[in-house]
Amino acid sequence: MLEKKPVLFMILATLAILVGTAVTMVLPFVWVNTAADRIEGVTPYTPLQQEGRDIYIREGCNNCHTQTVRPLVAEVLRYGDYSKSGEFVYDRPFLWGSKRTGPDLARLGGKYPDAWHYKHMKSPRSMVPKTNMPDYPWLNDNPLDPDVIRNKMETLGFPYDDEQIADLTGKTEMDAMVAYLQKLGSDIPWRKAAETTIVGDLTNPFPGDAAAISAGQAIYASNCAACHGDNREGMIGPELTDMGMEDAELYQVLHNGIPDGGMPGFSNLGSTKVWQLVNFLNSGQ
Amino acid sequence: MEKPSYNTDIVRSFVTWSLVWGLVAVLVGVIVSLQMVNPDLNFGPYLTFGRLRPIHTNAGIYGWGVGTIFATFLFMVQRLCKQPLWSDKLAKFQLWFFNATIIASAVTLLLGYTTSKEYHEMEWPIDVMVVILWVAFAINIIMTIIKRKDEQMYISLWYMMAALIGVAILYLVNAAAVPASLFKSYSAYAGTNDANVHWWFGHNAVAMALTAPPLAMFYYFLPKSTGVPIYSHRLSIIAFWSLIFMYLWTGAHHLLWTPVPDWIQTLAMAFSVMLIAPSWGSVINGYLSMNGQWHQMKENYLVKFLILGITFYGLQTLQGPMQSIRSFSAFIHYTDWVPAHIHMGTMGWVSMISFASIYFLAPRIYGREIYSIPLANLHFWLALIGQLIWSISLWVAGVLQAGMWNAMNDDGSLTYTFMETMVEMYPYWWARVIGGAIYFAGILIFVYNLYMTVRKKETIPSTTAEGRA
């Protein structure tokens, strides 16, 4: 019967399509991004950050990087606190992505100092030798256009002032990109909350052990050399040849990082590897 | 009785252009797969992975996929309705506007004008073009159906109508944005809402553009190729209505464990598993239609493409629901497993059916028998082997990487850094390059075979060419 009446057929097909649509796509608007979702401290992007975000979109970074940390053990350990809906209320469009060819970036902000990002964006392999991320040196050559960015802020309805717009003059797309990356995931104080306290005595389990020192050397090469230099001569980070720190003190620095100094923590390497690193750094080699 | 004069010129033109965009899609696919293994092959700012990958996906979906949909729908609708196309002029406009839209998409994506929303990257002026294009197409098909001579509408027409409606709704809703300039807009939805709307679109674009249309083709071209009707009309009715009802609930399976509300994720998971039933309804209907005809798998290359195609559909619709289960998604999502899944669908299911349909059309639109059946068989094997190498290598890669991401030491720390897991991917990414190159070689042979068919001197009598329904 129905197969003889195309108009009726199409109306019924439309209804069939709209049921699931209404429940799973339309209805969530009642709850998502409402007051219940809001998180204090989550702020709109500044003009510089928003432009950085638009460059991130233009270059298709979302094809290889996700921006959402799932509440799974290994994932929270690797990237940081899991993502909350209220953190994304100013994201138009969302940039959660679908593939992690590179790491998730939802908690990137504040992990590295600016200098790391400038160098890494220009030539990723200079920092991470085996990466397949393309180089983006031309971002340094493209100046920002304050008028275009002002118009974008108006369209989005984000607050800004004339000083912020004036400050854009003379800045490059690279500056905008780095500003954006440093904002990612840092609206909530998750680093502070995730800080671990070390309980009990810190005793070096491998004092003077040659195998631990050489293992530490390998860990240094793959995790530390990009910032502190192949021979610990210092680059983005300070030189590490003569630190004069006790083993226990150094362990704490490596474990927790120096959040205000741009040094990431390496607790996720596990205590064995951190101790190996301590033995290498304090071996006098 | 007088034969109605069907418009085959327009079908021929759409076949040509869908082949052009298919070649572009697969070639760019091979290029980006090489960029994955060697970053020196990125030539910024225009030819980087981030800008080329959307060209690969959109040329594949909208150029090759939708181009083939246009060609086959315009062919099928005339024959199923025993009625010439409602408007030849509108169809002509649709052809040129289709190519204009695809070219505009490719150029703007290279220039970095993108919304970032997967499979919907084109900025708002191109969205407008897509809407005009789709409306022109839909009017022509629907008017032809309304004026049909055959009262009963065959299964293929149902899937065609569902696709016309479904794509229109999905595309319009997801395109909603506020323009800041000619080539920059901001989504009308923010954050979690935007994600949920987008994957409602993303997953159902697969349903309405890459499932319903190939099913329409399959239900038409399989009986035409074997000479035996579809096994069960009733089964196809049940499968059709349950498919289009259930699909729309499942978008959030792309967002499991994200901040999207849990109940939406749970619904998506449940409906994804239920979708196995209508999907396999079509698979089983296809297999049972081969009762007593399995010998044609040896003798008829069209049947080979169609049956392998529906088999990959069957596998795809088992693997998909499996990935939609929370625990499995937690493990496998964001790894290379997922592109392997998608490519079994596109290279195995959709393209296999499209190849078969175009081979079937060839004598009817060119007035000449296919130039070489051995070459068509070679194409079949290259497509099959290329796709299997592609998918299997990345399934293995995905499981390996997921395992490494989750590996933990006794003290509760992670065993591997991200880079330690990434470098393990390189051999598998090389295997993908090889699989893609083999698949591309198959398409080159396909195009060569069709080109030589057009160039053949001896034609088949026009009555058979035109009148064969």
Side-chain angles (χ1 to χ4, degrees), chain A residues 3-4 6 9-10 13-14 16-17 19-21 23-25 28-29 31-33 57-63 66 68 70-72 74 77-78 83-85 88-96 98-100 103 128 130-136 138 151-152 155-156 223 268-272, chain B residues 36-37 39 42 44-45 48-51 53-54 112 114-118 145-146 151-153 161-162 165-166 169 178 180 186-187 190-198 200 241 244-245 248-249 251-252 254 257-259 261 264 267-268 330 334 338 405-406 408-409 411 413-414 418-419 423:
Chain A
E3 292 114 68
K4 293 177 183 174
F9 187 95
M10 281 188 286
T14 308
I17 288 171
V19 180
T21 299
V23 177
T24 63
M25 192 276 278
F29 277 87
W31 296 280
V32 176
N33 290 358
I57 290 170
R58 184 188 73 195
E59 299 308 334
C61 304
N62 55 294
N63 286 295
T66 55
T68 177
R70 299 175 295 175
L72 305 167
L77 275 176
R78 189 179 299 284
S83 297
K84 286 120 186 113
S85 185
F88 301 100
V89 292
Y90 298 111
D91 285 13
R92 291 173 194 266
F94 80 109
L95 289 173
W96 294 355
S98 61
K99 173 73 173 48
R100 284 179 185 154
V128 187
K130 285 174 182 163
T131 181
N132 65 349
M133 176 164 153
D135 302 344
Y136 289 91
W138 72 88
N151 173 47
K152 287 177 169 179
T155 308
L156 286 161
N223 292 280
N268 64 8
L269 288 176
S271 58
T272 305
Chain B
M36 289 279 279
V37 287
N42 288 278
T48 55
F49 181 89
R51 295 198 189 184
R53 190 249 178 184
T114 171
T115 66
S116 85
K117 290 187 171 189
E118 273 181 280
I145 292 175
I146 287 175
E151 206 189 1
Q152 182 81 15
M153 296 187 295
M161 287 188 285
I165 298 163
I169 296 173
V178 183
Y186 293 107
S187 176
T192 305
N193 277 329
D194 195 41
N196 195 45
V197 171
H198 177 70
W200 164 82
W241 286 103
I244 68 163
F245 173 75
L248 280 291
W249 296 73
H254 290 254
W257 302 99
T258 70
I264 308 176
L267 275 176
Y334 306 126
V338 179
W405 283 352
N406 286 291
M408 284 167 71
N409 301 318
D411 64 358
S413 60
L414 296 171
F418 187 87
M419 275 312 293
V423 294

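On a predicted model such as this, the values are computed, not experimentally measured, just so you know. Residue numbers begin at 1 in each chain, while the letters A, B, ... track the order of the sequences.
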Select, from A:Thr155, A:Asp135, A:Thr272, A:Val89, the one with the greatest count of heavy-atom pairs under 4.5 Å involving chain B.
A:Thr155

A:Leu269 portion near chain B, given a 4.5 angstrom heavy-atom threshold
both

Counting heavy-atom pairs under 4.5 Å with chain A, which one of B:Phe49, B:Tyr186, B:Trp200 comes out on top?
B:Tyr186

Are the side chain of B:Thr48 and the backbone N or O of B:Gly44 linked by a donor-acceptor pair below 3.5 Å?
no

Among A:Val32, A:Thr14, A:Asp91, residue most engaged with chain B (heavy-atom pairs, under 4.5 Å):
A:Val32

With a 4.5 angstrom heavy-atom cut-off, is it the side chain or the backbone of B:Ala330 that approaches chain A, or both, or neither?
both

Please state whether the rings of A:Phe94 and B:His198 are parallel, tilted or perpendicular, taking 30° and 60° as the class boundaries.
tilted

Any side-chain heavy atom of A:Val19 within less than 4.5 Å of one from B:Trp249?
yes

Leading residue by heavy atom contact count with chain B [cutoff under 4.5 Å; candidates A:Asn223, A:Leu95, A:Asn151]
A:Asn151

So which residue, B:Thr258, B:Asn406, B:Val197, ends up with the most heavy-atom pairs under 4.5 Å with chain A?
B:Thr258

N/O donor-acceptor pair under 3.5 Å between A:Asn63 side chain and B:Gly50 backbone
yes

Residue pair A:Thr131 / B:Pro39, side-chain heavy-atom distance below 4.5 Å
no

Taking the six-membered ring for Trp, is the centroid-to-centroid distance between B:Trp405 and B:Tyr334 below 6.0 Å?
no

Residue B:Val423 versus chain A: region with a heavy atom under 4.5 Å:
side chain

Look only at the side chain of B:Asn409 and the backbone of A:Gly270, and say whether a donor-acceptor pair between them is shorter than 3.5 Å.
no

Greatest number of non-hydrogen atom pairs under 4.5 angstrom with chain B, of A:Phe88, A:Phe29, A:Tyr136, falls to A:Phe29

Chain B contact via A:Val128 - side chain, backbone, both or neither, heavy atoms under 4.5 Å:
side chain

I'd like to verify something: which residue of A:Asn62, A:Val23, A:Ile17 has the highest number of heavy-atom pairs under 4.5 Å with chain B?
A:Ile17

Heavy-atom proximity to chain A below 4.5 Å, by part of B:Met36:
both

Interface moiety of B:Leu267 toward chain A, non-hydrogen atoms closer than 4.5 Å
side chain

Donor-acceptor contact present, side-chain A:Asn33 to main-chain B:Ala190, <3.5 Å:
yes

Tell me, out of B:Thr114, B:Asn193, B:Ile264, who's got the most heavy-atom pairs with chain A below 4.5 Å.
B:Asn193

Does any heavy atom of chain B fall under 4.5 Å from the side chain of A:Leu72, the backbone, both, or neither of them?
side chain

With chain A, the option among B:Lys117, B:His254, B:Met419 that has the most non-hydrogen atom pairs under 4.5 Å is B:Met419

If I measure from the heavy atoms of chain A, does B:Pro45 come under 4.5 Å with its side chain, its backbone, both, or neither?
both

May I ask you to test the A:Ser98-B:Val338 pair for a side-chain heavy-atom distance under 4.5 Å?
no

Closer than 3.5 angstrom, by distance alone: can the side chain of B:Asp411 be matched with the main-chain N or O of B:Ser413 as a donor-acceptor pair?
yes

Using a strict 4.0 Å threshold on nitrogen-to-oxygen distance, state whether B:Arg53 and B:Glu118 make a salt bridge.
yes

Interface moiety of A:Thr66 toward chain B, non-hydrogen atoms closer than 4.5 Å
side chain

Min side-chain heavy-atom separation A:Pro6-B:Met161 under 4.5 Å:
yes

Using non-hydrogen atoms and a 4.5 Å limit, figure out which bit of B:Asp194 sits close to chain A: side chain, backbone, both or neither.
both

Counting only non-hydrogen atoms closer than 4.5 Å, does A:Asn268 touch chain B with its backbone (N, CA, C, O), its side chain (CB onward), both, or neither?
both

Once side-chain contact (heavy atoms from CB on, under 4.5 Å) is applied, do any residues pair with A:Lys84, and if so which ones, sequence neighbours excluded?
A:Ile39, A:Asp81, A:Tyr82, A:Glu87, A:Arg107, A:Ile188

Under a 4.5 Å heavy-atom cutoff, which of A:Arg78, A:Lys152, A:Met10 has the most pairs with chain B?
A:Arg78

